[in-house]
2 protein chains.
Amino acid sequence: MSPAATALPPGPITVDDHQNCPATGVLRRVGDKWSVVILSVLARGAHGFNELDRTVEGLSRRMLTRTLRGLEEEGLISRTVHPSVPPRVDYALTELGRSFLEPVTALGLWAVTHRPDLDAARTHFDGATRGDVRL
Amino acid sequence: MSPAATALPPGPITVDDHQNCPATGVLRRVGDKWSVVILSVLARGAHGFNELDRTVEGLSRRMLTRTLRGLEEEGLISRTVHPSVPPRVDYALTELGRSFLEPVTALGLWAVTHRPDLDAARTHFDGATRGDVRL
DNA sequence: CAGTATCCATGCCGATACTG
DNA sequence: CAGTATCGGCATGGATACTG
């Protein structure tokens with residue numbers, strides 16, 4: 001897809017367009033189940049692995065590892081190993097991660113603000129499809 | 001998850017927290033493969049079904065239908081049937097859809113702006129893991 | 001034109017068990 | 001403490017064929 005939704009070029013949107021667009025990857029990361037949650041927790045301060053695991057209920061160690069790797073790969077969080085006994089690894093937001101949280105938070109605020117509209121729309125849709133109207 | 005990432009309450013984040021949070025659903029919609037693309041196309045004006053299908057390369061009719069239904073259900077787009085021959089159905093952004101595009105566009109702009117950082121991070125990560133350093 | 005129906009490959013994600 | 005390995009269920013999404 002094109003970078004800025006409001007500034008789309010004319011003509012067809014090719015597969016390459018949104019495969020190459022940096023926004024596509026970012027959007028998908030935002031859409032995955034745990035990234036934003038983990039980022040939000042880390043916004044309150046650095047945390048260890050099991051600490052994160054316990055803080056976020058329902059998050060398995062497997063997905064925690066995978067998500068942390070992904071976020072680290074994109075430079076949104078840092079991973080610091082303290083070679084002690086017991087071993088300690090700290091995860092923290094990077095500067096990039098903090099800046100990323102701004103537009104994400106804006107999106108979250110939009111959702112909260114427009115919750116009534118979203119609910120109303122769903123209710124109306126259900127009402128319309130219940131009788132197979134689809135007009 | 002909590003509405004505003006920067007205003008998380010203390011204590012563990014329960015499953016209910018992000019199952020009930022309106023942001024979770026919105027985030028997942030943003031993350032799916034075609035929603036934002038379709039929304040972006042519709043930002044340029046109303047379009048018919050096959051028109052959309054042809055405009056967005058790689059998009060199958062099946063996914064187009066599913067995505068349009070989802071967006072309609074959330075009130076982001078409208079669906080208008082013109083009972084003519086041949087039949088014509090117009091999809092267009094609603095007011096809610098237009099307002100939704102603002103934070104999404106902000107996210108897209110963030111991605112474009114920080115592309116160099118994202119690329120640099122990935123390169124650095126690859127370099128670090130290539131030799132199994134993980135320090 | 002505007003869909004629906006069916007099948008199938010892939011990937012996300014959780015549960016569980018094991019390791020340094 | 002901080003992971004990895006393996007398995008399996010379920011959802012996402014593509015290909016193809018058919019319908020009003």
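The structure presented is a predicted model; accordingly, all values stated were derived computationally and were not measured. Chain identifiers are assigned alphabetically (A, B, ...) following the order of the sequence lines, protein sequences preceding nucleic acid strands; residue numbering begins at 1 within each chain.
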Tell me the interatomic distance from [X], atom [atom1], to [N], atom [atom2], rounded to whole angstroms.
{"X": "A:D90", "N": "D:dG3", "atom1": "CG", "atom2": "C1'", "value": "15 Å"}
{"X": "A:E72", "N": "D:dA2", "atom1": "CD", "atom2": "C1'", "value": "14 Å"}
{"X": "A:D53", "N": "D:dC1", "atom1": "CG", "atom2": "C1'", "value": "11 Å"}
{"X": "A:L52", "N": "D:dC1", "atom1": "CG", "atom2": "P", "value": "13 Å"}
{"X": "A:L59", "N": "D:dG3", "atom1": "CG", "atom2": "P", "value": "13 Å"}
{"X": "A:I77", "N": "D:dA2", "atom1": "CD1", "atom2": "P", "value": "13 Å"}
{"X": "A:D32", "N": "C:dC12", "atom1": "CG", "atom2": "C1'", "value": "9 Å"}
{"X": "B:R28", "N": "D:dG13", "atom1": "CZ", "atom2": "C1'", "value": "14 Å"}

Looking at [options], which one has an atom nearest to any side-chain atom of [X]?
{"X": "A:M63", "options": "C:dC18, C:dC1, C:dC13", "value": "C:dC13"}
{"X": "B:R54", "options": "C:dC1, D:dC1, C:dT4", "value": "C:dC1"}
{"X": "B:P86", "options": "C:dC1, C:dA2, D:dG14", "value": "C:dC1"}
{"X": "A:F49", "options": "C:dT4, C:dA15, D:dG3", "value": "D:dG3"}
{"X": "A:R61", "options": "C:dG3, D:dG3, D:dT12", "value": "D:dG3"}

Legend entry - Which residue lies more 5' along DNA chain D, comparing A:P87 with B:W34 via nearest heavy atoms: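 Closer to the 5' end of DNA chain D: A:P87.
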Legend entry - Assigned partner base of D:dA17, Watson-Crick or wobble definition, under 3.5 Å: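 The answer is C:dT4, by the H-bond criterion.
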Inset, instruction - Using a strict cut-off of less than 4.0 Å between a Lys/Arg side-chain nitrogen and an Asp/Glu carboxylate oxygen, indicate whether A:R88 and A:D90 qualify as a salt bridge. - result: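 Salt bridge: yes.
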Inset, instruction - Taking only Lys NZ, Arg NE, NH1 and NH2, and the carboxylate oxygens of Asp or Glu, determine whether B:R122 and B:D119 approach each other closer than 4.0 Å. - result: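 Salt bridge: no.
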Inset, instruction - Give A:R88 one of three labels, base, sugar-phosphate or nothing, depending on what nucleic acid heavy atoms sit under 4.0 Å from its own. - result: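 Sugar-phosphate contact only - A:R88 comes under 4.0 Å of backbone atoms but never of a base.
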Legend entry - Distance-only donor-acceptor check, side chains B:S35 and B:D32, under 3.5 Å: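 Yes.
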Legend entry - Single hit among B:V89, B:L42, B:V56, B:D53 for side chain to side chain contact (heavy atoms under 4.5 Å, CB included) with B:H47: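 That would be B:L42; it is the only one of B:V89, B:L42, B:V56, B:D53 passing the side chain to side chain contact (heavy atoms under 4.5 Å, CB included) with B:H47.
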Legend entry - Presence of A:Y91 side-chain N/O under 4.0 Å of D:dC1 phosphate oxygens OP1/OP2: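 Indeed not, no polar side-chain atom of A:Y91 lies that close.
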Inset, instruction - Would you kindly check whether a donor in the side chain of B:R62 faces an acceptor in the base of C:dG3, or vice versa, at under 3.5 angstrom? - result: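 Checked by distance alone, the answer is no.
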Inset, instruction - Determine whether A:F125 and B:V81 fall in the same hydrophobic cluster, where Ile, Leu, Val, Met, Phe, Trp and Tyr are linked whenever their side-chain heavy atoms lie under 4.5 Å apart. - result: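 Cluster IDs for A:F125 and B:V81 differ.
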